> 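Sharing a structure here in structure tokens format.
On a predicted model such as this, the values are computed, not experimentally measured, just so you know. Numbers here simply count residues along the sequence, with the first being 1. What you see below is based on every heavy atom in this structure, not just the backbone, and it leaves out hydrogens, waters and symmetry mates.
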Amino acid sequence: MTFSVLGPVRVRGGGAVSALGRSQRRGLLGFLLINANKVVTMETVIDALWGGAPPPSARAQIYSGIHAIRRELRALGLDEVASSRGGYTLRADAATLDLALFEGYVRQAGAGQPPEQVVRSLRRGLALWNGPALSDASGAYVEAVRVHLEETRLGCVETLIDAELALGRHDHAIGELRRLVAEHPLRERLHAQLMLALYRGGRRIEALDLSRDLRRRLVEEHGLDPGQAVTELELAILRADPGLAPPPNGSVTATPGGAPAQLPADTTDFTGRDRELAQALSALAGPRGSAPPICAITGPPGVGKTVFAVHAAHRVRESHPDGQLFVDLRGADSRPAEPDEVLAGFLRALGVDGRRIPEAREERSALYRTMLAGRRVLVVLDNVTDESQVKPLLPGAGTCSVLVTSRRRLAGLGAPTTVELLPFDGGESVELLGRIAGSARVAAEDAEAREVARLCGGLPLALRIAGSRLAARPHRGIAELARRLADEQRRLDELSYSGLGVRAGLDLAYQALGEAERRLLRRLAFLDVPEAGPWLAVAVGGERPADTEETLERLTDIHLLRVAGVDGTGQIRYGMHDLVRTYCRERMAEEETADMAVSVVSSAARHLLRLAAEARSADRGHDYYARLAGELVVAVDGKTVRHAAEHAVNWLEAEAATVHGVLRQTEAHGLFDEGWRIALMGGWLYDIRCWAGEYRKILSIAYRMAEKSGDRRAQAIVPALAAELGVLAGALDEAARTLASSERIFAEIGDEHGLAEVWRMLVTLERTRGEHTVALRRCERIRETFRVMEDHSGEAHTLRCVGQIHLVEGRVPEALRYLEEALRVAGRSRGGWKRLNTLYWLGEVYLRVGRAGEARDAFLAVAEAADRAGDFTGGAFARLGLAHVAIEAGERRQARTLLAAALDHAERSELTLVLCKIGLAVGEALARLGELARAGKTIERVLPRIDGLASPPMRAEAMDLLARVREGRRVARV
């Protein structure tokens with residue numbers, strides 16, 4: 001069985017030939033064959049056959065066409081068209097498809113192969129052609145593919161003729177070249193080959209006439225002169241350059257013109273990279289030393305390393321007049337180029353007789369360096385695998401220059417200049433789209449073009465494909481492409497056009513990795529987190545921490561991961577390009593089961609829970625929440641645990657996005673027990689940072705998971721935390737109802753610790769309402785529970801609340817006694833948060849009893865700790881206390897500054913209760929300073945918030961203070 005697209009579209013098997021009857025069906029089969037063994041979606045097929053104007057019956061026609069193709073193939077004994085992932089796949093072995101066979105022969109004739117091998121391989125490959133590709137097929141895609149394949153075929157013909165000329169077969173080549181020049185009258189390389197063949201055949205005048213005819217035609221039709229290769233060859237013919245003589249006995253001589261010129265054509269739409277280009281040009285054209293200057297170009301797949309290197313090489317051609325050598329070392333392929341083969345090719349290009357090329361690599365390398373000694377040659381080594389592949393190819397002469405591209409950072413190469421290419425920014429991305437698709441068109445749909453650029457992630461390869469698709473479909477709006485790219489499951493399918501594909505490049509890079517690297521990459525991509533710390537890589541990669549760090553470094557070296565920065569705890573953060581993430585998620589879906597995906601999320605969640613609990617406990621001690629987290633045990637290495645505990649709230653802040661992402665995935669995968677516990681740990685961060693809005697989102701997710709988990713403790717504590725936030729926001733009545741429900745659940749299940757935690761919240765509610773007697777009785781009951789549970793943080797909090805109530809009611813000695821006891825109990829807790837809270841209220845008591853120095857020390861300690869943690873609430877109260885100290889000391893200016901800072905911190909906390917308390921206290925302090933107007937404005941500003949609290953005592957205090965201020969202002973005016 002064979003499939004043909006290099007000519008008419010045909011299927012042959014068992015002596016029978018099928019042409020499928022209709023040209024559109026041949027177009028459909030041809031598209032499947034060009035994308036053999038790949039999934040093509042229905043949308044992709046529709047776009048390929050009809051472009052931007054499909055008929056209403058497009059899907060029906062495709063269904064009918066697929067049915068017809070399957071019927072024909074089955075008649076020939078095949079069942080090769082499969083439905084998968086919303087599309088179709090035609091399974092075809094490379095040995096049965098003429099296009100795949102042709103591409104295989106082209107690879108066999110690649111750089112470094114001897115001319116006999118090139119001729120043999122390309123003759124076989126070109127014999128597979130039976131006319132123009134897809135000659136009897138119809139479809140919107142056909143013309144572009146036909147042009148691309150025809151260009152590839154012509155390039156192979158030219159390479160074949162070069163090899164024939166290298167073997168001295170110029171007489172044999174003349175007839176074929178005359179036919180080709182007639183078919184392609186403006187193709188300069190064919191003209192140069194025919195000129196050389198004629199000259200070697202003793203027909204010098206004909207060769208020069210051919211050159212003059214080409215020049216005349218180019219000038220008359222296009223206003224252009226021939227390129228450098230033709231011009232140099234013409235001059236060489238005029239002076240009968242010995243280097244043009246035919247090789248003796250089939251050996252290889254120097255290339256026409258006397259110097260190798262192997263650089264690929266430059267890119268006409270080269271965009272941006274000004275800084276990087278200046279760096280590369282400076283390295284290649286700078287002062288010469290004893291060693292050749294080496295410039296290494298590195299960057300992720302698709303970032304345009306080859307395009308950049310070729311552009312830079314063309315810019316410095318004039319300073320390397322003795323030639324330019326270029327080779328693709330196929331570093332991303334499963335079979336990279338061998339240095340021995342490359343050296344042989346370079347030596348032949350430099351004029352070495354093929355029979356004189358040594359067998360041993362070391363001898364070839366030595367001869368290569370000898371040939372380059374004293375010459376000014378530019379060597380471009382593209383797509384390097386590693387240092388061992390490139391070192392034998394380095395010249396020894398300082399007169400030469402070397403340009404290397406690789407996905408890896410070639411630290412062992414000793415390159416004095418390394419240029420790292422990153423994805424384009426938004427402006428450069430849109431500029432490149434405009435150069436390919438048309439600047440006026442892109443400018444007219446600027447917002448849509450910027451969205452396409454964003455979805456391409458600034459990756460030049462993706463942008464080139466997107467621009468080419470737009471250029472090929474001028475009737476289709478840019479918004480349509482943006483809409484297609486927005487679907488992550490289709491994005492890589494859309495970023496494929498005319499032989500270019502982001503997925504293909506990423507697939508090469510992925511397949512070259514070891515299993516541990518592939519596993520870690522796809523699992524990190526699967527997690528819904530923008531960046532990952534090393535601990536998360538350990539959690540999902542299944543390796544020891546030291547091995548995981550090495551794997552992360554290797555993935556960073558080849559740019560499949562990037563170092564996104566170092567967070568506030570000194571932890572490296574690893575990021576991934578969006579298109580790499582999309583590709584790796586595809587690999588995850590293909591290579592790992594659904595159960596394994598759940599296991600990955602579970603491991604990430606449990607590691608996060610363990611470390612978040614350690615961080616929280618380091619600040620707040622082993623309280624009820626730490627106990628709940630500890631029920632889901634997972635082993636984490638001691639160094640990582642200590643790091644989380646040491647940095648506490650800063651560690652959790654660095655992992656805030658991880659908390660959000662993992663939380664969403666635990667819910668999506670039914671890991672409810674992990675999920676609601678993570679929300680409890682993450683909530684501490686939002687409490688400290690006063691991110692009330694984000695905290696509510698976290699708790700809403702946790703509430704759903706608590707309900708689904710069936711764990712009654714979760715169904716009690718999660719709503720209770722939301723109610724506690726509600727108290728701070730002023731929703732007292734709703735909070736009271738929720739806390740009463742949580743209280744009943746804990747009582748029913750006999751969870752004394754959980755019940756005490758809810759009562760602690762009720763004490764806050766009762767104090768806000770002014771129900772001090774009720775709050776004192778409740779504190780006496782829960783203090784014992786916290787003591788028995790060895791919850792020192794809870795016990796210290798309860799003692800502090802009792803001391804606050806006594807202070808508010810004027811019982812200063814009792815307040816001092818309870819607060820000092822609270823400070824002692826807090827000292828037994830692992831964390832220092834409760835101690836600082838207590839220290840603030842002790843400062844208030846010290847002020848009352850005339851111990852101003854101790855009060856200042858207490859408030860300063862709280863302020864410094866709050867600022868370190870980013871705690872705006874703590875910072876507001878600490879500055880209020882310091883302002884009171886300043887007032888007592890007569891430092892009026894400092895007091896005003898501190899009062900303004902306290903009010904600013906309270907507003908930044910976004911908590912209504914905190915703003916009301918601080919606002920009232922600041923108003924009273926301003927009144928004491930005699931600044932009655934400012935005092936009145938401050939109270940009036942917070943009065944609407946106080947009304948919303950439904951707290952009669954606080955409103956009465958505010959109205960009394962406002963009345964006193966107004967009376968004072970009235971008396972002052974009189």
> Assess whether side-chain contact (heavy atoms from CB on, under 4.5 Å) is satisfied between T785 and V788, documenting all intermediate values.
CA-CA 5 Å; T785 301; V788 171; 6.0 Å; no

> Are F786 and T798 close enough that some pair of their side-chain heavy atoms sits under 4.5 Å apart?
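A side-chain contact exists here, since the closest heavy-atom pair is under 4.5 Å.
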
> Within the structure provided, determine whether L608 and M681 are in side-chain contact (heavy-atom separation under 4.5 Å).
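No, too far: nothing below the 4.5 Å cut-off.
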
> Give the minimum heavy-atom separation between L632 and D673, together with the two atoms involved.
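L632 and D673 have their closest heavy atoms at CD1-O, 3.8 Å.
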
> Do L819 and L839 have side-chain heavy atoms sitting under 4.5 Å apart?
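When only atoms from C-beta onward are counted, L839 and L819 do not touch, as no gap falls below 4.5 Å.
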
> Whether E814 and R817 form a salt bridge (side-chain N of Lys/Arg under 4.0 Å from carboxylate O of Asp/Glu) is what I want to check.
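So R817 does not pair with E814 through a salt bridge.
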
> OG1 of T764 to CE of M761: how many Å apart, nearest 0.5 Å?
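Here the interatomic distance stands at 8.5 Å.
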
> Using the side-chain contact (heavy atoms from CB on, under 4.5 Å) rule, pick out the option among L898, V942, T938 that qualifies with V922.
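Considering L898, V942, T938, a side-chain contact (heavy atoms from CB on, under 4.5 Å) with V922 is found only for T938.
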
> Quick one: do D623 and R627 make a salt bridge, cutoff under 4.0 Å?
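No.
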
> Do T569 and H643 get their side chains close enough for a donor-acceptor pair, meaning under 3.5 Å?
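There is such a pair between these side chains.
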
> Find out whether R704 and E707 are in side-chain contact, i.e. whether some heavy atom of one side chain is under 4.5 Å from a heavy atom of the other.
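R704 vs E707: side chains apart.
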
> For R787 and E784, what are the C-alpha separation, side-chain angles and deciding distance, and is it a salt bridge (charged side-chain N to carboxylate O under 4.0 Å, His left out)?
CA-CA 5 Å; R787 188 187 66 77; E784 181 62 19; 2.4 Å; yes

> Could you walk me through whether E451 and R454 satisfy the salt bridge (charged side-chain N to carboxylate O under 4.0 Å, His left out) test, starting with their C-alpha distance in whole Å, then the side-chain angles of each, then the deciding distance to 0.1 Å, before giving a yes or no?
CA-CA 5 Å; E451 179 63 7; R454 185 189 69 81; 2.7 Å; yes

> How would you list, by chain and number, every residue that makes a side-chain hydrogen bond (donor to acceptor under 3.5 Å, both in side chains) with H607, sequence neighbours excluded?
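Checked H607 against side-chain hydrogen bond (donor to acceptor under 3.5 Å, both in side chains); zero matches.
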
> Looking at every non-hydrogen atom in both residues, tell me the closest pair between R606 and V634 and how far apart they are.
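Minimum heavy-atom separation between R606 and V634: O-CG1, 3.3 Å.
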
> Should D960 and R964 be marked as a salt bridge (charged side-chain N to carboxylate O under 4.0 Å, His left out) after you check the CA-CA gap, both sets of side-chain angles, and the distance that decides it?
CA-CA 6 Å; D960 178 65; R964 285 190 282 118; 3.3 Å; yes

> Identify the two heavy atoms, one from A629 and one from A613, that lie closest to each other, and give their separation to 0.1 Å.
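That would be CB-CB, 3.7 Å.
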
> Using every non-hydrogen atom in the two residues, find where V845 and A815 come nearest and quote the distance to one decimal.
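Smallest heavy-atom distance, with atoms named: CG2-CB, 4.2 Å.
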
> Under the side-chain contact (heavy atoms from CB on, under 4.5 Å) test, which residues partner R892, sequence neighbours left out?
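In terms of side-chain contact (heavy atoms from CB on, under 4.5 Å), with neighbours along the sequence ignored, R892 is linked to R896, L929.
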
> Give, for atom CZ of R851 and atom OH of Y846, the distance between the pair rounded to the nearest 0.5 Å.
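Rounded to the nearest 0.5 Å, the CZ-OH separation comes out at 5.0 Å.
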
> Is the closest basic N to carboxylate O distance between R966 and E940 below 4.0 Å?
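Judged by the 4.0 Å cut-off on N to carboxylate O distance, R966 and E940 do form a salt bridge.
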
> How long is the span from the OG1 atom in T773 to the CZ atom in R778, to the nearest 0.5 Å?
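Rounded to the nearest 0.5 Å, the OG1-CZ separation comes out at 13.0 Å.
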
> How are the rings of Y840 and F859 set to each other: parallel, tilted or perpendicular (split at 30° and 60°)?
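Ring orientation of Y840 relative to F859: tilted.
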
> Any carboxylate oxygen within less than 4.0 angstrom of a Lys/Arg side-chain nitrogen, looking at R760 and E724?
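Salt bridge: yes.
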
> If I compare all heavy atoms of A657 with all of V529, which pair ends up nearest, and what's the gap?
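A657 and V529 have their closest heavy atoms at O-CG1, 4.4 Å.
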
> Using side-chain contact (heavy atoms from CB on, under 4.5 Å), reason through L799 and R783 one step at a time and then give a plain yes or no.
CA-CA 7 Å; L799 289 167; R783 177 189 176 186; 3.5 Å; yes

> Between R677, E757, R616, which is the residue that forms a side chain to side chain donor-acceptor pair (under 3.5 Å) with Y625?
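For Y625, the side chain to side chain donor-acceptor pair (under 3.5 Å) test succeeds with only one of R677, E757, R616, which is E757.
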
> Please name the pair of heavy atoms, one in R767 and one in H772, separated by the smallest distance, quoted to 0.1 Å.
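It is O-NE2, 4.0 Å.
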
> Less than 4.5 Å apart, side chain to side chain, heavy atoms only: is that true for E795 and E790?
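Heavy-atom side-chain distance check fails, nothing below 4.5 Å.
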
> Consider only side-chain N and O atoms of Q665 and E674, and report whether a donor and an acceptor are under 3.5 Å apart.
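Their side chains do not contain a donor-acceptor pair, so the 3.5 Å distance test is not met.
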
> Are R856 and E888 ion-paired here, with the side-chain N under 4.0 Å from a carboxylate O?
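Here R856 does not pair with E888 in a salt bridge, since their nearest N and O are not under 4.0 Å apart.
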
> For the side chain of S742 and the backbone of L739, is there at least one donor-acceptor N/O pair under 3.5 Å apart?
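Here the side-chain-to-backbone pair does not exist.
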
> Has E488 got more than 12 heavy atoms of other residues, nucleotides or ligands less than 6.0 Å from its CD?
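Buried by this count: over 12 neighbours within 6.0 Å.
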
> Less than 3.5 Å apart, any donor N or O on the side chain of W651 or E614 sitting next to an acceptor on the other?
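E614 and W651 do not have a side-chain donor-acceptor pair below 3.5 Å.
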
> Are any of the side-chain heavy atoms of N650 and D567 separated by less than 4.5 Å?
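No, too far: nothing below the 4.5 Å cut-off.
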
> Salt-bridged, D733 to R737, with N to O below 4.0 Å?
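Here D733 does not pair with R737 in a salt bridge, since their nearest N and O are not under 4.0 Å apart.
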
> Counting neighbours of CZ on R781 that are heavy atoms of other residues, nucleotides or ligands and sit closer than 6.0 Å, is the number greater than 12?
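Open: at most 12 neighbouring heavy atoms sit under 6.0 Å from CZ of R781.
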
> Who passes side-chain contact (heavy atoms from CB on, under 4.5 Å) against A668, sequence neighbours left out?
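Checked A668 against side-chain contact (heavy atoms from CB on, under 4.5 Å); zero matches.
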
> Measuring from H905:NE2 to I918:CD1, what's the distance to the nearest 0.5 Å?
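The distance works out to 10.5 Å.
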
> Indicate yes or no: does E631 engage R713 in a salt bridge with an N to O separation below 4.0 Å.
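Salt bridge between E631 and R713, a charged N being under 4.0 Å from a carboxylate O: yes.
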
> Decide yes or no for L880 and L903: does some side-chain heavy atom of the first lie under 4.5 Å from some side-chain heavy atom of the second?
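A side-chain contact is absent here, since even the closest heavy-atom pair is not under 4.5 Å.
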
> Passes side-chain contact (heavy atoms from CB on, under 4.5 Å), H753 versus D751? Steps please.
CA-CA 6 Å; H753 203 172; D751 188 337; 3.8 Å; yes

> Would you check if E844 and H884 make a side-chain contact, meaning some heavy-atom pair closer than 4.5 Å?
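Counting from C-beta outward, E844 and H884 do come under 4.5 Å.
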
> Where does the angle between the aromatic ring planes of Y624 and F746 fall among parallel (under 30°), tilted (30 to 60°) and perpendicular (over 60°)?
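Y624 vs F746 ring planes: perpendicular.
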
> Take W676 and L628 through the side-chain contact (heavy atoms from CB on, under 4.5 Å) test and state the conclusion after the steps.
CA-CA 10 Å; W676 67 262; L628 290 173; 4.0 Å; yes

> Mind checking the NZ-CD spacing from K917 to E957? Nearest 0.5 Å is all I need.
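If I round to the nearest 0.5 Å, the distance is 10.5 Å.
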
> Kindly determine whether E809 and Q804 satisfy side-chain hydrogen bond (donor to acceptor under 3.5 Å, both in side chains), including the steps that lead there.
CA-CA 9 Å; E809 296 194 343; Q804 286 179 249; over 6 Å; no

> Can you classify the ring geometry of F877 versus W841 as parallel (below 30°), tilted (30 to 60°) or perpendicular (above 60°)?
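The arrangement is tilted - the two ring planes meet at 30° to 60°.
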
> How many angstroms lie between atom CE of M954 and atom OG1 of T768, to the nearest 0.5 angstrom?
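The OG1 atom of T768 is 6.5 Å from CE of M954, to the nearest 0.5 Å.
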
